[in-house]
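Predicted model, so just to flag it, every value in this text is computed and none were measured.
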Amino acid sequence: MKIKFLTVILLACMIVSCNDGKKTKTVTATEAKESVTSPVFENKGQQLVYDMVQKVGDYKSLRAKKDVVYTYTYQTPDGKTDVTTEKYLFKGELSYGAYERHERTLPNLEGLIEQGFDGSTYWLKHNGVALNDEKYLKRVAFNRPTNFYWFTMMQKLLDPGINYEYLKEEAIEGIRYDVVKITFNSKDDKPTDTYQLYINKKTGLVDQFLFTVADFGVLETPNLMKLQYEEVDGMLLPTKRLYKKSTWNADVSDAPWVKVTWSDIKFNNGLTKEDFK
């Protein structure tokens, strides 16, 4: 009992004494714990993004699931569709995609297309045969990290090198949003993407966001992405997506939407690096 009592006393109060004889400062255990674990935010925008990530599940929670396998379906307004089995290993951000249907991606190639990133090299196979065409591999080098990023985007919005700016509060179709602008630091002054998040004030989730595609020179005219979430193994994932061209005021035309869905999502499948070669 004496040991337990002393433990409680030690946890309840930490005495910090200065060797120069100054007054002793008493700090409670709760205050000490908060000083270690509570993040310091640059501004309101960063805090809103942080709070959102805690709701959907942070990157630590995602990495604890080791890997994921799911079906990715992408359909353009003209009906052209890609259907792929996506596999990611979160450690090292390894990525694999098997295109059972590819009416958008390399439609001139008939049969199974496999793309991969093994941690150092992007590769492409057609019906089991490796292809080394530079133009094709550039497409792989875009698709693999892009698909991985979209899946982990919410968690990655807390990565280093990101700038947050709170823009305004805005009501859209009766729903009130906090609008946060996201930009990314560039080491070589290369243009980077810009995101504008619409965080639902009631749910704390991103219902929609504007984004540019710097890799394709789309910097002035953004796309608007609308999201619907699904809970999978404790994570809230935006599994249904619609997007099309927009303005920076989130105004869209009557043009049809591009449709993206993730289905049959399974974590912790026991994947290894060998599965990505």
Report the C-alpha separation of Leu89 and Asp275 in whole Å, then their side-chain angles, then the decisive distance to 0.1 Å, and conclude whether the side chain to side chain contact (heavy atoms under 4.5 Å, CB included) test is met.
CA-CA 9 Å; Leu89 192 63; Asp275 294 301; over 6 Å; no
Check the pair Tyr136 / His126 against side chain to side chain contact (heavy atoms under 4.5 Å, CB included), numbers first and verdict last.
CA-CA 11 Å; Tyr136 291 172; His126 176 221; over 6 Å; no
Is there a side chain to side chain contact (heavy atoms under 4.5 Å, CB included) between Lys66 and Leu271 once you walk through the steps?
CA-CA 8 Å; Lys66 308 296 184 182; Leu271 300 180; over 6 Å; no
Evaluate Thr247 against Asn249 for side chain to side chain donor-acceptor pair (under 3.5 Å), listing each step before the verdict.
CA-CA 5 Å; Thr247 68; Asn249 291 321; 4.7 Å; no
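Residues Leu124 and Phe142 do not share a hydrophobic cluster, clusters being chains of Ile/Leu/Val/Met/Phe/Trp/Tyr side chains in contact below 4.5 Å. Both Met225 and Val56 are part of a single hydrophobic cluster, where members link through side-chain heavy atoms under 4.5 Å apart. In this structure, Leu227 is a member of the same hydrophobic cluster as Ile265, with clusters built from ILVMFWY side-chain heavy atoms closer than 4.5 Å. Hydrophobic cluster membership differs between Tyr99 and Tyr72, with clusters built from Ile, Leu, Val, Met, Phe, Trp and Tyr side chains linked at under 4.5 angstrom. Residues Met235 and Trp262 share a hydrophobic cluster, clusters being chains of Ile/Leu/Val/Met/Phe/Trp/Tyr side chains in contact below 4.5 Å.
One side chain, Ser61 or Asp58, offers a donor N or O that lies under 3.5 Å from an acceptor on the other. For the residue pair Tyr198 / Gln196, a side-chain donor-acceptor distance below 3.5 Å is found, with atom types taken as modelled.
Side-chain atoms of Ser95 do not come within 3.5 Å of backbone N or O of Phe148 as any donor-acceptor pair. At distances below 3.5 Å, not a single donor-acceptor pair connects side-chain atoms of Asp118 with backbone N or O atoms of Lys273. In this structure a side-chain-to-backbone donor-acceptor pair under 3.5 Å is present from His102 to Gly111.
Annotation: side chain of Val49 is in contact with side chain of Val180 (closest heavy-atom distance under 4.5 Å). The side-chain heavy atoms of Phe276 and Tyr88, taken from C-beta on, include no pair separated by under 4.5 Å. Two residues are said to be in side-chain contact when any heavy atoms from C-beta on lie closer than 4.5 Å; Leu131 and Ile113 fail this criterion. Using a 4.5 Å heavy-atom cutoff, the side chains of Tyr74 and Thr84 are not in contact. Two residues are said to be in side-chain contact when any heavy atoms from C-beta on lie closer than 4.5 Å; Phe151 and Leu237 meet this criterion. Counting heavy atoms from C-beta outward, Glu100 and Thr85 have side chains that approach closer than 4.5 Å. Within the 4.5 Å cutoff, the side chain of Asn43 has heavy atoms near those of the Gln46 side chain. Considering only heavy atoms from C-beta on, Asp264 comes within 4.5 Å of Lys266 through its side chain.
Between Lys91 and Leu94, the shortest heavy-atom contact is O-CD1, 3.9 Å. Considering every non-hydrogen atom in both Lys87 and Val69, the closest pair reads CG-CG2, 3.8 Å. Scanning both residues, Val206 and Tyr229, for their nearest heavy atoms gives O-OH, 2.6 Å. The two atoms that bring Thr212 and Asp193 nearest to each other are O-OD1, 3.0 Å, heavy atoms only. Between Ser246 and Leu224, the shortest heavy-atom contact is CB-CB, 3.7 Å. Minimum heavy-atom separation, Thr81 to Gly79: OG1-O, 3.0 Å.
Evaluated for a side-chain hydrogen bond (donor to acceptor under 3.5 Å, both in side chains) with Tyr96, the options Arg144, Lys277, Glu114 yield exactly one hit, Glu114.
For NZ of Lys259, the number of neighbouring non-hydrogen atoms (other residues, nucleotides, ligands) closer than 6.0 Å is 12 at most. In this structure, Asn108 places its CG atom where more than 12 heavy-atom neighbours from other residues, nucleotides or ligands lie under 6.0 Å away. Around atom NZ of Lys244, more than 12 heavy atoms belonging to other residues, nucleotides or ligands sit under 6.0 Å away.
Distance check: Arg139 CZ to Asp133 CG gives 12.5 Å after rounding to the nearest 0.5 Å. Taken to the nearest 0.5 Å, the CD atom of Gln228 stands 12.5 Å off from the CG atom of Leu205. Taken to the nearest 0.5 Å, the CG atom of Leu236 stands 10.0 Å off from the OG1 atom of Thr239. Between atom CG of residue Leu48 and atom CZ of residue Phe41 there is a gap of 9.0 Å, rounded to the nearest 0.5 Å. The distance from atom OG1 of Thr73 to atom NZ of Lys240, rounded to the nearest 0.5 Å, is 10.5 Å. To the nearest 0.5 Å, atom OH of residue Tyr122 and atom CG of residue Asn143 are 10.5 Å apart.
Here the two rings, on Tyr243 and Phe211, have centers that are under 6.0 Å apart.
Between Phe209 and Trp150, the angle of the ring planes lies from 30° to 60°, which puts this pair in the tilted group. Note: Phe90 and Tyr59 have perpendicular aromatic rings, judged against thresholds of 30 and 60 degrees for the angle between ring planes.
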Check residues 155-178 and write down every donor-acceptor pair under 3.5 Å in which the side-chain atom is one partner and the other belongs to a residue at least two apart or another chain.
{"unit_1": "Gln155", "atom_1": "NE2", "unit_2": "Gly57", "atom_2": "O", "d": "2.7"}
{"unit_1": "Lys156", "atom_1": "NZ", "unit_2": "Glu93", "atom_2": "OE2", "d": "2.6"}
{"unit_1": "Asn163", "atom_1": "ND2", "unit_2": "Thr183", "atom_2": "OG1", "d": "3.3"}
{"unit_1": "Asn163", "atom_1": "ND2", "unit_2": "Asn185", "atom_2": "OD1", "d": "2.9"}
{"unit_1": "Tyr164", "atom_1": "OH", "unit_2": "Leu157", "atom_2": "O", "d": "2.5"}
{"unit_1": "Tyr166", "atom_1": "OH", "unit_2": "Lys168", "atom_2": "O", "d": "3.3"}
{"unit_1": "Tyr166", "atom_1": "OH", "unit_2": "Asp178", "atom_2": "OD1", "d": "2.7"}
{"unit_1": "Lys168", "atom_1": "NZ", "unit_2": "Glu170", "atom_2": "OE1", "d": "3.2"}
{"unit_1": "Glu169", "atom_1": "OE2", "unit_2": "Arg176", "atom_2": "NE", "d": "2.6"}
{"unit_1": "Glu169", "atom_1": "OE2", "unit_2": "Arg176", "atom_2": "NH2", "d": "3.2"}
{"unit_1": "Tyr177", "atom_1": "OH", "unit_2": "Asp207", "atom_2": "OD2", "d": "2.9"}
{"unit_1": "Asp178", "atom_1": "OD1", "unit_2": "Lys201", "atom_2": "NZ", "d": "3.4"}
{"unit_1": "Asp178", "atom_1": "OD2", "unit_2": "Lys201", "atom_2": "NZ", "d": "3.3"}

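Salt bridge annotation for Lys65-Asp233: present, with a cationic side-chain nitrogen under 4.0 angstrom from a carboxylate oxygen.
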